[in-house]
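Each remark here refers to the structure printed beneath this line.
Just so it is clear, the structure is predicted and the values come from calculations on it, not from any experiment. Sequence positions, counted from 1, serve as the residue numbers for this chain. Only heavy atoms go into these numbers, but all of them, side chains included; no hydrogens, no water, no symmetry mates.
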Amino acid sequence: MADPGLRTRFFDHRLPPLYSGRHTVTVTHTLSGDGRVGDDLLPDLEQAFEVRQPRLQLLPEDVTACYPLPGAQGEYGQLLPHITLSRPGFPWMHLLRGAAEGAPWPALLVFRAQELPEDPEAVGQVTVSTAAELEAGHAGVGLPPAFDPPLYEDEREMTVTSVLVPGPLFTAVCPTTHELGMLAHIREGGPPDATRAVGTDPPPDEDDLKAVLTSVRFPGTGGMHVAHMVSLDGFEDYLDGRTPPPDEGLRLVSLHSWSFVSIDDGRMGFGELAQRLADDSDPLLRHHALPETSEVPLAVDLLRQGGTVLPQDLESGEATVGFYRGPFTAAPSHPLPQGTGMRLESAGEGLVYVEELGAYDTGYAVAFSLGRGLALADSEFRSALLAYRKSARRAARKLLAFPELDSLARRDATAVLGTRVARRAFDRMLGENGPLAQALSRSGGAIRAGGGPRTAPRTAPEPLTAARLRTTVADTSTRAVLAAAVRSQLDKVQRWLTRLTKLETVPFGHLVPDERLLPRDGLKFFHVDPQWIHAAVDGALSVGVGHTLDADLNDLAREMRDVPQPVSGVLIRSEIVSHWPQTVITAFAEDHVVKPMRQQILGDDLMILLYTEVIDRFTLAEPPQGLHFGLNGDSTELRSIVPPVGQAIGDFPPDGGGYGQFLRPGGHDVLDIEGRLAPALAECHGVGELSSAQFALQLVKAPLLQEFTRPTEGML
């Protein structure tokens with residue numbers, strides 16, 4: 001069975017060969033053997049050098065994504081904000097003094113409104129200065145970083161942004177050095193797992209590696225928030241509770257920041273809405289609140305297949321009721337009755353009389369009238385249709401009047417059957433082997449001896465009757481020639497007909513005539529009736545038909561379109577359509593994925609998808625936007641850290657006590673990873689300690705995937 005998911009792998013970190021800063025290389029020599037001549041022949045050599053890496057600025061192209069999205073508004077109270085960087089090694093370029101390898105030098109801190117003195121509204125306000133001004137303490141209130149090594153000359157005039165964080169707030173929301181390592185990892189997103197051999201572990205794709213920094217703090221539900229990716233370089237003394245920060249606060253270099261709004265709007269999430277769609281026991285586009293047995297079972301059957309009852313005025317003036325069914329049906333449509341024919345020339349021909357009910361099924365008649373009405377309302381299409389028929393009639397007459405043109409037209413139909421026929425004939429006469437050149441090459445005596453030109457007796461040409469023209473149009477050997485000769489006019493007609501075939505121009509009320517067929521929070525499978533589309537196309541092409549030749553040319557326009565017809569589809573009516581526009585939608589026919597030929601949002605909460613195959617499985621996946629970190633309610637899924645890695649193995653915490661037991665005291669919604677959460681997760685997995693990649697795997701709030709299966713009852 002095909003899998004719509006993508007493969008994602010986590011790695012702990014990317015440590016550089018050498019951290020930035022000052023380094024020393026010492027070379028010593030030892031001589032041995034009988035030829036030794038003294039210890040100071042080769043003295044020790046010591047060489048100092050420096051490794052420099054960016055530490056004051058983060059380029060815009062270095063940031064791949066932020067979540068929550070900058071400026072977004074939503075319910076983020078159970079998500080841990082994070083930032084994704086395009087340079088996978090950036091967080092590990094420097095090593096904080098006193099920290100273990102794997103601990104990054106930047107951290108992602110989240111602040112709420114009224115927490116930052118210089119940004120009380122949490123809109124992302126920062127202080128801009130030069131690096132030299134910041135180092136000297138001239139950028140504003142707050143202790144500046146103690147750069148080690150000190151600023152280089154080319155760094156002193158660099159523009160930096162900084163933010164003032166009060167000392168107690170910094171202590172409350174900043175991760176420990178151990179937690180810094182747990183909150184940073186490398187992520188690789190790859191192709192679908194189905195393309196990887198089972199049991200393989202390919203090397204990382206260097207072009208698809210990203211670094212991710214996660215916050216240790218959950219946003220509140222009180223409005224504005226600002227996230228700052230800050231540098232902790234120069235503030236090592238205030239980490240891990242070693243020294244309380246000064247009362248005036250710390251002035252941190254802000255490498256990147258963005259704002260968002262976290263609210264509790266009471267709306268249901270993606271999972272609840274998807275579950276509502278899945279709760280329908282019969283996801284077919286048909287009436288459900290109908291008795292299974294009835295005195296008129298045929299009427300019930302027509303309604304359950306997607307039809308509805310509407311008032312009908314007969315041509316005789318009588319008012320009655322009839323059944324109407326659009327192109328969407330719960331089951332494959334029945335073939336047209338014998339004698340109806342393949343081409344409708346009027347709406348009346350599309351009426352199907354249901355003798356048992358004494359009523360008409362008006363679906364095809366309405367389709368014909370709709371197609372005709374749409375064509376009459378479009379002046380450009382009408383003009384293109386009439387121009388096409390005029391050009392096609394002219395080309396057919398030329399082929400019939402001059403049979404010798406047929407072989408030439410097969411090579412260059414546009415030139416031969418266009419306006420250049422006489423010019424081409426004159427050019428051939430003047431050519432090297434033309435009649436005029438041959439005559440001029442003969443001597444006068446030869447011309448006199450030969451006498452006058454000998455002409456064979458000519459028979460009168462057959463008249464260009466309508467029957468002969470229709471025969472020419474119907475001939476398969478000349479239809480392609482005609483189509484090529486009028487291609488420019490025919491393309492305009494066919495583009496319009498293609499949109500009609502995809503039902504793009506059909507009002508929704510003609511597709512789903514009764515709102516009860518598609519209730520709110522509904523996902524419905526349906527078949528597409530090709531005969532309904534055929535009737536609509538017949539109606540559009542009926543405009544301006546003066547005789548049977550025009551009708552035959554309509555068939556040529558219809559047959560020459562290389563456009564696949566929709567045969568099935570899905571309708572979704574849900575808030576998912578409006579609130580999650582990036583939802584990942586995948587349809588399957590047996591074991592392969594089917595791409596939609598049309599996917600369109602109608603209105604606020606309605607989506608239509610049409611397919612060229614009958615689909616039997618359909619999935620909705622929450623928009624990934626990168627994998628997020630957080631909770632599902634008061635818990636999260638415990639995921640295996642041994643093969644099969646990532647498989648859900650239960651809920652965490654196992655005691656059902658919720659995540660409140662893993663928060664730091666103080667009411668700031670900050671996780672105590674080092675002292676509480678990480679040890680508890682390690683115990684559940686039976687290991688002494690989790691790596692940063694394994695820890696990230698536990699906190700992944702994976703996008704929800706909801707699968708729908710089309711019922712087989714009444715279906716092919």
Side-chain angles (χ1 to χ4, degrees), residues 11-16 19-21 51-67 70 80-111 116 124 126-127 131 134 142 144-149 151 155 158-165 169-171 173-187 209-217 226-240 245 250-258 629 670 673 692 695-696:
F11 303 93
D12 291 332
H13 42 60
R14 168 162 285 191
L15 302 180
Y19 289 103
S20 66
V51 176
R52 295 182 55 179
Q53 297 285 4
R55 57 175 173 171
L56 300 174
Q57 294 178 338
L58 186 65
L59 299 178
E61 56 266 27
D62 291 336
V63 179
T64 299
C66 302
Y67 196 83
L80 292 172
H82 57 276
I83 183 171
T84 305
L85 307 176
S86 59
R87 283 194 283 175
F90 185 84
W92 298 276
M93 290 179 176
H94 310 283
L95 181 62
L96 295 175
R97 177 167 37 86
E101 283 197 329
W105 58 278
L108 185 63
L109 305 183
V110 176
F111 304 100
L116 297 178
V126 295
T127 298
L134 175 64
F147 293 114
D148 184 20
L151 291 176
E155 290 181 325
M158 292 180 65
T159 299
V160 296
T161 57
S162 61
V163 58
L164 173 63
V165 180
L169 180 62
F170 177 83
T171 301
V173 303
C174 184
T176 66
T177 54
H178 178 80
E179 291 172 343
L180 286 173
M182 301 294 285
L183 292 168
H185 65 273
I186 301 290
R187 179 186 302 171
L209 295 180
K210 304 290 187 295
V212 179
L213 291 181
T214 307
S215 172
V216 75
R217 187 185 191 188
V226 60
H228 285 275
M229 179 179 166
V230 300
S231 169
L232 298 179
D233 186 22
F235 293 106
E236 289 90 343
D237 291 341
Y238 308 105
L239 301 177
D240 300 333
L250 305 179
R251 181 158 293 278
L252 303 172
V253 174
S254 178
L255 300 168
H256 189 80
S257 64
W258 76 97
F629 300 90
V670 177
I673 296 176
S692 61
F695 178 76

> If you measure from CG on Asp240 to OG1 on Thr177, what distance do you get to the nearest 0.5 Å?
Replying inline: 3.5 Å

>> I need the Glu155 CD to Arg55 CZ distance, nearest 0.5 Å.
In response: 4.0 Å

>> One pair to check against side chain to side chain contact (heavy atoms under 4.5 Å, CB included): Thr127 and Arg251. What are the steps and the verdict?
In response: CA-CA 10 Å; Thr127 298; Arg251 181 158 293 278; 3.4 Å; yes

>> For a quick test of reading the model, state the closest non-hydrogen atom pair linking Leu108 to Pro81 and the distance between them.
In response: CD2-O, 3.5 Å

> Minimum heavy-atom separation for Leu109 to Pro175, with atom names?
Replying inline: CD2-CD, 3.9 Å

>> Arg97: which residues meet the salt bridge (charged side-chain N to carboxylate O under 4.0 Å, His left out) condition with it, sequence neighbours left out?
In response: Glu236, Asp237

>> What I'd like to find out is whether the side chain of Leu209 reaches to under 4.5 Å of the side chain of Arg187, using heavy atoms alone.
In response: no

> Should the ring pair Phe235 and Phe170 be called parallel, tilted or perpendicular, given that the plane angle runs from 0 to 90° and is split at 30 and 60?
Replying inline: tilted

> Between Trp105 and Phe90, is the gap from one ring center to the other below 6.0 Å?
Replying inline: yes

>> Checking the side chain of Arg217 only, and the main-chain atoms of Val110 only, is there a donor and an acceptor separated by less than 3.5 Å?
In response: yes

>> What's the separation between atom NE2 in His256 and atom SG in Cys66, rounded to the nearest 0.5 Å?
In response: 3.5 Å

> Which pair of heavy atoms, one from Phe629 and one from His82, lies closest together, and at what distance?
Replying inline: CD1-ND1, 3.8 Å

> Do you know the tightest heavy-atom contact between Gly124 and Val226?
Replying inline: CA-CG2, 3.7 Å

> Out of Leu232, Val165, Leu169, which residue meets the side-chain contact (heavy atoms from CB on, under 4.5 Å) rule with Cys174?
Replying inline: Leu232

> Has the side chain of Gln57 got a donor or acceptor atom that lies under 3.5 Å from a matching backbone atom of Thr159?
Replying inline: yes

> Below 4.5 Å, heavy atoms only, C-beta onward: do Pro104 and Leu96 meet side chain to side chain?
Replying inline: no

> Just wondering, do Val253 and Leu134 contact through their side chains at under 4.5 Å, heavy atoms?
Replying inline: yes

> Which atom names give the shortest non-hydrogen contact between His228 and Leu116, and what distance separates them?
Replying inline: NE2-CD1, 4.1 Å

> Would you find a donor on one side and an acceptor on the other, under 3.5 Å apart, between the side chain of Thr161 and the backbone of Ser254?
Replying inline: yes

>> With rounding to the nearest 0.5 angstrom, report the CG to OG distance, Leu56 to Ser162.
In response: 11.5 Å

>> What verdict does the side chain to side chain contact (heavy atoms under 4.5 Å, CB included) test give for Leu15 and Glu101, after you've listed the backbone C-alpha separation in whole Å, the side-chain angles of each residue and the deciding distance to 0.1 Å?
In response: CA-CA 8 Å; Leu15 302 180; Glu101 283 197 329; 3.8 Å; yes

> Is it true that a side-chain atom of Glu179 and a backbone atom of Ile673 form a donor plus acceptor pair closer than 3.5 Å?
Replying inline: yes

> Ignoring hydrogens and geometry, is there a side-chain-to-backbone donor-acceptor pair from Trp92 to Gly102 under 3.5 Å?
Replying inline: yes

> Tyr19 versus Val51: any side-chain heavy-atom pair under 4.5 Å?
Replying inline: no

>> Can a donor-acceptor pair be found, under 3.5 Å and without considering hydrogens, that links the side chain of Ser692 to the backbone of Met182?
In response: no

> Sequence neighbours excluded, which residues qualify as side-chain hydrogen bond (donor to acceptor under 3.5 Å, both in side chains) partners of Ser231?
Replying inline: none

>> Any heavy-atom pair between the side chains of Leu85 and Pro91 that's under 4.5 Å?
In response: yes

> Where do Leu164 and Gly142 come nearest, in terms of heavy atoms and distance?
Replying inline: CD1-CA, 3.7 Å

> How long is the span from the NZ atom in Lys210 to the OG1 atom in Thr84, to the nearest 0.5 Å?
Replying inline: 9.0 Å

> Just how far is it from atom CD1 of Ile186 to atom CZ of Phe11, taken to the nearest 0.5 Å?
Replying inline: 9.0 Å

> Within the distance-only criterion (no hydrogens, no angle test), does the side chain of Ser86 pair as donor or acceptor with the backbone N or O of Glu61 below 3.5 angstrom?
Replying inline: yes

> Side chains of Trp258 and Ile83: does their closest heavy-atom pair fall under 4.5 Å?
Replying inline: yes

